[in-house]
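In what follows, a single structure is set out as structure tokens and then discussed.
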Amino acid sequence: MKTIAICSSGVKPIPAVLGGAVECLTTVLLEQNEKYNEFQIDVYSVYEKELCKFKYCNTKIIQIRNWQKFFPVRASFSLLNRVLRLFHINKRYDFMSLVIPLRMKNKYDAIIVENNVSIYFLLRHRFPEKKILLHLHNDYDTIEYDFDKTEKRIRVAGMSADAILACSTYLKEHIQNLDIKKNCYLLENCINKELFRRDNRLVIEQSRSLKEKFSIVDDEFVILFCGRFSEEKGLLQLLQAVEKINIQFKLLIVGDTWFKTRSENIYATQINLYLEKLGNKIINLGYVDTNQMPSVYLCSSITVVPTQCVEAFGMTALESIAMGIPCIASKCGGLIDIVSPDCGLLINLGKSYVNDLRNSIIKIHDDHALYEKFKYNCSLKITKFQNEAEYFFSFLKIMQDIFCE
């Protein structure tokens, strides 16, 4: 049995007790590996007390405490990053990105780095002969302050990595535009099709309880947003759009800030002003566990994914469609492959975005025939995507190719 190490991005724990798309997908690999016994896996994860309850036969969880939560450490890294910016050095260091590579042991047949280019480079420097794979879940050069994933760094990583794994067809093609073709593999994101189905009795009961709790009636028009409270996820644009809508609606919000950075806190303050202004039209659920999300989707009429950057995939859109809920999304990146014209509406990014989003919401609300058409086509669309077992076997085939090289 081959031994592999999986390095988390250092943001959220694995298994995904606090959510996160990257962390949930990695958890899928661990759980499927328990069924099929293909690998012995060590996971290097940020510490979380709840992880202690997980007992795997084929996986060992190595927890690392993130001391950056404490002010002296956080202040030191903040000062370091400011000095780097003064000298126009586009790098950003944090505690976990430095410590995870230092804790890594030289005993594995392969190392997989989840969505953190800085960790990849440090591991490549430490273990130049080791098979190291970089699993990318985000596009490069899409967020101004994301110094981790720039075109230059992805190009260099692609030249030295034993493989680059891309989470979507769009991302694979975009990476290959950098002349990274030989070792770029598609490991398309998956969905739990047993959990995310609208005829699941438990989900139906949970959604009824949720509706009762928040006084949502069956024919009420409910808009769902699920995502991080940050500029690139576009919640502010959605709030600006619904403020201008002259229809009865409720806006269901799932999510919170992740990184607790200064920019996210400023953004959250802007969000809170709109939440107060919209009053009882807003239902703010905060963080919701993945297993509870199907019932949230069933409470909704539509899901809006108003991302203001280029999404490499778009798990929220995929989950929504799996639940038969039409989706309105930004017309960019991997979202185009998920939200096709027969099951939702796509909006171009630009100056008229808020107004176009407002008009799209009104269009779906007013056109019942169009809405029913979208709902029907969602059930057809979801068949084109992998379930969890198929995702694992796609991963297995890639690893077999890597070990054969």
Hey, are N37 and N58 close enough side-chain-wise for a donor-acceptor pair under 3.5 Å? yes
Ring-ring centroid check F395 F39, cutoff 6.0 Å: yes
Treating Y287 as the side-chain partner and G19 as the backbone partner, does any N or O pair qualify as donor plus acceptor under 3.5 Å? yes
For I112, run the side-chain contact (heavy atoms from CB on, under 4.5 Å) check against I132, I4, T26 and tell me which one passes. I4
For M96, which of N66, I119, N116 qualifies under side-chain contact (heavy atoms from CB on, under 4.5 Å)? N66
Should the pair K250 and F214 be classed as cation-pi, given the thresholds of under 6.0 Å to the six-membered ring centre and 45° from the axis? no
Run the salt-bridge test on K105 and D42 with the 4.0 Å N-O cut-off and return the result as yes or no. no
Cation over ring, K373 on Y376, under 6.0 Å and within 45°? no
Would you say the side-chain atoms of D162 pair up with the backbone N or O of I402, donor to acceptor, closer than 3.5 Å? no
Do side-chain atoms of S207 reach the backbone of S295 as a donor and acceptor pair under 3.5 angstrom? no
Is K149 reaching over with its side chain to a backbone N or O of N115, donor-acceptor style, under 3.5 angstrom? yes
Please check: side-chain N/O of E114 versus main-chain N/O of I6, any donor-acceptor pairing under 3.5 Å? no
Does the S300 side chain pair with the main chain of L224, one donor and one acceptor, at a distance under 3.5 Å? no
